[in-house]
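Since we're looking at a predicted model, the values are computed, not measured. Lettering of chains follows the sequences in order, A, B, ..., and the numbering in each one begins at 1.
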Protein chains: 2
Amino acid sequence: MPRPTRTASKSRRAYHHGNLRRALLDEALATIRAEGVEGVTLRDIGARLGVSRTALYRHFADKRALLAAVATEGFRMLRERLVAAWEEGNRGDDAFHAMGVAYVQFAVDNPSHYRVMFGGFVDAQARDPELGTEARGAFQALVDAVVALQRDGVFLAEDAVLMSTHTWALVHGVAMLAIDGQLPGPADVDALMRYSFRRLRTGILVNTGTSRVACAPG
Amino acid sequence: MPRPTRTASKSRRAYHHGNLRRALLDEALATIRAEGVEGVTLRDIGARLGVSRTALYRHFADKRALLAAVATEGFRMLRERLVAAWEEGNRGDDAFHAMGVAYVQFAVDNPSHYRVMFGGFVDAQARDPELGTEARGAFQALVDAVVALQRDGVFLAEDAVLMSTHTWALVHGVAMLAIDGQLPGPADVDALMRYSFRRLRTGILVNTGTSRVACAPG
DNA sequence: ACCTGAACACCGTTCAAGT
DNA sequence: ACCTGAACACCGTTCAAGT
């Protein structure tokens with residue numbers, strides 16, 4: 001396949017002439033990974049790319065737009081992980097658990113990136129429609145799994161969105177506590193996830209409800 | 001009761017001579033409420049208090065220490081709300097639900113403050129021991145309720161800390177989604193909380209487990 | 001179109017100096 | 001002890017100017 005007629009040129013870097021946006025995104029993400037969001041400065045990113053510190057404004061409205069793009073990419077990655085876990089687990093009950101584990105694992109592996117995704121971008125979503133689209137896409141992966149499990153009679157036949165949001169809140173909560181260091185140790189993340197998903201399925205209440213009263217005890 | 005021998009003095013503000021720390025804390029919190037964390041600048045706070053912008057360093061090591069103190073106060077407030085909900089609800093099953101509602105309500109009422117409390121202060125806890133103490137105190141209010149409900153045979157007699165952490169993760173997740181605007185509307189917060197607590201108690205799984213197989217269907 | 005470089009209006013923090 | 005004011009080393013963003 002012939003490359004575009006554009007020559008390789010004498011520019012010091014390959015990301016000139018069109019892929020500077022991509023390079024800015026990659027550099028921002030690398031910095032976020034290494035130092036957290038507060039380590040991201042437009043000057044450093046420009047310098048690291050051998051580019052003026054104002055070159056960024058050709059591709060992003062401002063710093064927040066850059067971070068919104070990073071967040072958008074995060075949701076895209078997250079959705080891929082969720083879908084992969086669901087499909088590789090053969091779309092059953094265990095696969096649902098695997099999705100939850102994959103979700104928390106993504107947060108633990110990319111804590112700073114995850115934080116940018118949920119860093120109070122209430123209006124970032126309004127400013128950057130693609131962010132909302134991608135976030136909804138990741139959520140949809142969860143809804144799809146819930147719907148499938150409801151169809152198969154594994155999960156209760158309730159409002160799938162409500163059930164999915166409930167599940168999302170749980171894994172989101174576990175993820176946040178994990179990356180915030182609120183859990184004693186890293187081994188506790190696994191233990192909590194195992195417990196949480198068991199109880200997500202069966203609840204924490206002692207079984208004295210109407211559905212059991214009709215049964216003989218034992 | 002006689003006031004301390006310190007005179008009212010001619011100082012323009014009452015918070016000189018000992019309560020500047022308190023004033024700094026209040027001013028920081030007010031700014032956080034009004035503009036979010038990123039609106040907090042030491043210069044503005046100093047100016048608003050009629051004090052040099054470096055006066056703060058007499059009471060806090062740096063800006064992060066100030067924010068850690070704000071977070072500490074947040075956990076103290078949160079614990080009070082939780083305990084109040086638990087006791088006013090007469091320490092029963094409904095009171096547990098009320099605690100959850102109070103938790104989410106605190107986050108919704110004080111979104112920026114709540115975010116400071118969970119803003120990735122992994123090591124802030126190490127730097128500021130009081131923060132960890134107060135955070136653990138709020139969590140303990142939840143554990144106490146779980147233990148009481150287990151004693152009364154309402155909740156499963158499992159590891160109370162694990163069960164509490166599971167519950168905490170759920171309400172934390174709901175709270176984060178709510179203040180992040182990830183939920184369609186404010187009415188959905190209530191609906192989600194009702195659903196989530198019902199399912200926290202009873203689970204989302206169809207009841208075909210061993211305990212029900214023994215029963216006649218229907 | 002794309003990038004530059006100087007300039008502007010901000011930051012947190014340090015430190016010698018005052019009382 | 002407590003506070004000040006100048007100074008330092010940073011920020012994001014704007015804008016006229018270059019190619």
Side-chain angles (χ1 to χ4, degrees), chain A residues 4-25 27-28 31-32 34-70 116 119 121 123-124 127-128, chain B residues 4-25 27-28 31-32 34-70 116 119 121 123-124 127-128:
Chain A
T5 51
R6 176 181 0 107
T7 67
S9 91
K10 326 143 222 235
S11 70
R12 294 179 300 159
R13 297 289 209 282
Y15 33 73
H16 281 204
H17 307 296
N19 46 3
L20 177 57
R21 190 195 135 92
R22 181 69 253 163
L24 288 165
L25 223 41
E27 197 62 41
T31 307
I32 285 167
E35 309 170 38
V37 213
E38 58 273 24
V40 176
T41 77
L42 304 188
R43 295 161 121 89
D44 281 0
I45 288 177
R48 215 129 43 195
L49 255 34
V51 126
S52 159
R53 52 185 177 267
T54 58
L56 174 138
Y57 290 90
R58 287 291 132 197
H59 299 95
F60 298 98
D62 52 17
K63 189 181 182 182
R64 286 200 303 187
L66 173 65
L67 292 179
V70 169
V116 172
F121 290 34
D123 37 19
R127 243 190 320 272
D128 191 334
Chain B
T5 50
R6 176 180 1 105
T7 66
S9 92
K10 326 144 228 249
S11 70
R12 295 179 299 156
R13 296 290 210 283
Y15 34 71
H16 281 203
H17 307 295
N19 45 4
L20 178 57
R21 190 194 137 92
R22 182 68 254 166
L24 288 164
L25 222 40
E27 198 61 42
T31 307
I32 285 167
E35 309 170 38
V37 214
E38 57 272 26
V40 176
T41 78
L42 304 189
R43 295 161 121 89
D44 281 1
I45 288 178
R48 214 129 44 195
L49 256 34
V51 125
S52 160
R53 52 185 177 266
T54 59
L56 174 138
Y57 289 90
R58 288 289 132 198
H59 299 95
F60 299 98
D62 52 16
K63 190 182 181 179
R64 286 200 304 188
L66 173 66
L67 292 178
V70 169
V116 172
F121 290 32
D123 37 19
R127 242 190 320 272
D128 191 335

- Message: Check the phosphate of D/dT4 against B/Ser52, side-chain N and O only, distance under 4.0 Å to OP1 or OP2. Yes or no?
- Response: yes

- Nearest heavy-atom neighbours spanning A/Lys63 and A/Leu42: CG-CD2, 3.9 Å

- Message: Quick check: do B/Val51 and B/Leu24 have side-chain heavy atoms less than 4.5 Å from each other?
- Response: no

All N/O pairs under 3.5 Å across the protein-nucleotides 10-16 of chain D interface:
from   : atom 1 : to      : atom 2 : distance (Å)
D/dC11 : N4     : A/Arg43 : NH2    : 3.4
D/dG12 : OP1    : A/Leu42 : N      : 3.2
D/dG12 : OP1    : A/Lys63 : NZ     : 3.1
D/dG12 : OP2    : A/Leu42 : N      : 3.2
D/dG12 : N7     : A/Arg43 : NH1    : 2.3
D/dG12 : O6     : A/Arg43 : NH1    : 3.3
D/dT13 : OP2    : A/Tyr57 : OH     : 2.8
D/dT13 : OP2    : A/Lys63 : N      : 3.1
D/dT13 : O5'    : A/Tyr57 : OH     : 3.1

- Query: Is there a Watson-Crick or G-U wobble partner for D/dG5 with both distances under 3.5 Å, and which nucleotide is it?
  - Reply: C/dC15

- Task: Flag the pair A/Asp128 / A/Phe60 as yes when at least one side-chain heavy-atom distance between them is below 4.5 Å, and no otherwise.
- Result: no

- Query: Looking at side-chain heavy atoms only, is the closest gap between B/His59 and B/Leu20 below 4.5 Å?
  - Reply: yes

- Item | Between P of C/dA1 and CG of A/Leu20, the distance in whole Å | 17 Å

- d(B/Glu27 CD, B/Asp44 CG) to nearest 0.5 Å is 9.5 Å

